[in-house]
Amino acid sequence: MAASGVAAPTRTEVLQLYRSLLRVARQFCDYNIREYTKRRTIDAFRDNKNLADPSQLSAAFSDGKAQLEVAKRQALVYSLYAPKVKSIMDIKPS
Amino acid sequence: MASQFLRQTLIKTKPSTVIRRFSTAAAVASPTGYEEPTGVTMKGVKISGRPLYLDTQATTPVDPRVLDSMLPFYLSRYGNPHSRTHLYGWESETAVETARAQVAALIGASPKEIVFTSGATESNNISVKGVMHFYKEKKRHVITTQTEHKCVLDSCRHLQQEGFEVTYLPVGSDGLIDLDRLRKEIRPDTGLVSIMAVNNEIGVVQPLEEIGKICKEFNVPFHTDAAQALGKIKVDVDKWNVSLMSLSGHKIYGPKGVGALYMRRRPRIRVEPQMNGGGQERGIRSGTVPTPLVVGMGAACELAAKEMEYDEKRIKGLQERLLNGIRAKIDGVVVNGSMDRRYVGNLNLSFAYVEGESLLMGLKEVAVSSGSACTSASLEPSYVLRALGVDEDMAHTSIRFGIGRFTTEEEIDKAVELTVKQVEKLREMSPLYEMVKEGIDIKQIQWAQH
């Protein structure tokens, strides 16, 4: 990844990555994977909130970028083979 | 370009339309014929949605990150890792060796000590039968426990038929073995001590470090089945002093059909292969190594190392939520096995005055099991619970809740709600429960036919 140079990511870039990850998370049709991706994203960004060292910052950033690519691909794969029946957790009691 | 297409597909097309576009005649024979948009009908049971999954001791879902690492090896990178003459073989071999290093790193071993197999059952078979067959001239005795997994017990039975002697160590009511008893049972001709790390039914963690020390003292090889321990508790082959260790892929969010066997090099342990052939995996396990599966197992191990702390913290909270939730609403709930020395993702509960099969049948929206998946077809109570000395009636009503990486708080709450509802319903119908409430000790009743 070309972006993973020495320079630390800007605040805007980090926020953009965060939002992209959450957006992809919502696209998972599988209940458990969707919830996990959301939760893991939020917790990972919270854990790394106080990172100050530029090299650590850019390492975490490029890791997040890679995870985003994985999530994008897998959200598509999951949608291709989605079961017709949803999880009971996704069925709202009406 | 590619990402643009992806985005469009994701946004514009609903999953169902995507499926229709891709499905051809093959879809007619697809195994999903039981699915209707309104629910699932299978084995005469109609469920409105897919059940919430709380059976992670049986198997875990494949992590999407693991699948992502595997897919390339199902597509263009299909080479046989043992092909030495072309790129296809080389790239597969590199991937297999990377996976071997990933597995080794998780257990503190050297990659040279890892042999890929088809799963923990095969690893256990190689360990128990392979070691004893190799050293059969001098070693005629095996020590194992009564609560071991079926494949270890069955391998031991097989050895007994060949004339070997086997000691089945009893366990206490907490599911743990007595270390002094183990020490006493070791004989000069003991060729192997095989004790599992984490029990598959009750989640109890055996004192492996201490067992390892005893085995070292008597210089007896120590084998442990760590299928349920890998990626969940800290596994260190040197700390435990194991000579052999069985590992499984599908218990750690990896693919089914792959496992590994750790074999110590110093001091070297040797086995007789159970599978003969092309000499792959240093002749210990012949047969082409399944690159995609092995890559998946390696990725799952690396992920487990990264996520273990995070997962454990979460799963611990969920286990407490489940137990407290159930205990707050119903009485007569007993946890089977030690609560202090237990893997947090396992909760094996017995519900007094409830018939187990009816409870499981009533809990169709929660995917749980009464114990091991291998034995859940029979109505017999679990031999593990009987080894613990659990009463017959309580052993019949056990439910194993397995919590994993993908379990949510909402699922736990739902499981609590449904379990409580079902137990209350069954108790309302139970004459036994009525008698207990009236103060009759049902243990004193003389049943007419018994």
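All values below come from the heavy atoms of this structure, side chains included, with hydrogens, waters and symmetry mates left out. So you know, we letter chains A, B, ... as the sequences are listed, proteins then strands, and number each from 1. Predicted model, so just to flag it, every value in this text is computed and none were measured.
For the set Glu410(B), Glu411(B), Glu365(B), the entry with the most heavy-atom pairs within less than 4.5 Å of chain A is Glu411(B). Note: Val85(A) leads Val85(A), Asp90(A), Thr37(A), Val77(A) in heavy-atom pairs under 4.5 Å with chain B. Options Leu52(B), Asp63(B), Leu71(B) differ in how many heavy-atom pairs under 4.5 Å they form with chain A, and the most are formed by Leu52(B).
For the salt bridge (charged side-chain N to carboxylate O under 4.0 Å, His left out) test, no residue two or more places apart in sequence or in another chain qualifies with Asp63(A). The ring-ring contact (aromatic ring centres under 6.0 Å, His included) search around Phe73(B) returns none, not counting sequence neighbours.
Contact annotation for Asp43(A): only side-chain heavy atoms (C-beta onward) come within less than 4.5 Å of a heavy atom of chain B. Of the two parts of Val62(B), only the backbone, made up of N, CA, C and O, holds a non-hydrogen atom closer than 4.5 Å to a non-hydrogen atom of chain A. In this structure, chain A has a heavy atom under 4.5 Å from the side chain of Arg314(B), while its backbone stays farther away. Proximity to chain A (any heavy atom under 4.5 Å) is restricted, for Tyr310(B), to the side chain, taken from C-beta onward.
With rounding to the nearest 0.5 Å, the separation of CD in Glu409(B) from CZ in Arg39(A) is 6.5 Å. Expressed to the nearest 0.5 Å, how far CD1 of Ile88(A) lies from OG of Ser48(B) amounts to 6.5 Å. Taking NZ of Lys414(B) as the start and OG of Ser87(A) as the end, the distance is 9.5 Å to the nearest 0.5 Å. Distance check: Asn32(A) CG to Thr407(B) OG1 gives 7.0 Å after rounding to the nearest 0.5 Å.
Counting non-hydrogen atoms of other residues, nucleotides and ligands closer than 6.0 Å to NZ of Lys38(A) gives a total above 12. Around the NZ atom of Lys46(B), the shell of radius 6.0 Å holds more than 12 heavy atoms that belong to other residues, nucleotides or ligands.
No side-chain heavy atom of Met89(A) sits less than 4.5 Å from a side-chain heavy atom of Arg50(B). Here the side chains of Glu307(B) and Arg40(A) are in contact, with some heavy-atom distance below 4.5 Å.
Counting only N and O atoms by type, the side chains of Thr408(B) and Tyr31(A) include a donor and acceptor under 3.5 Å apart.
Across Phe406(B) and Ile33(A), no two heavy atoms sit closer than the pair CE2-CD1, 3.9 Å.
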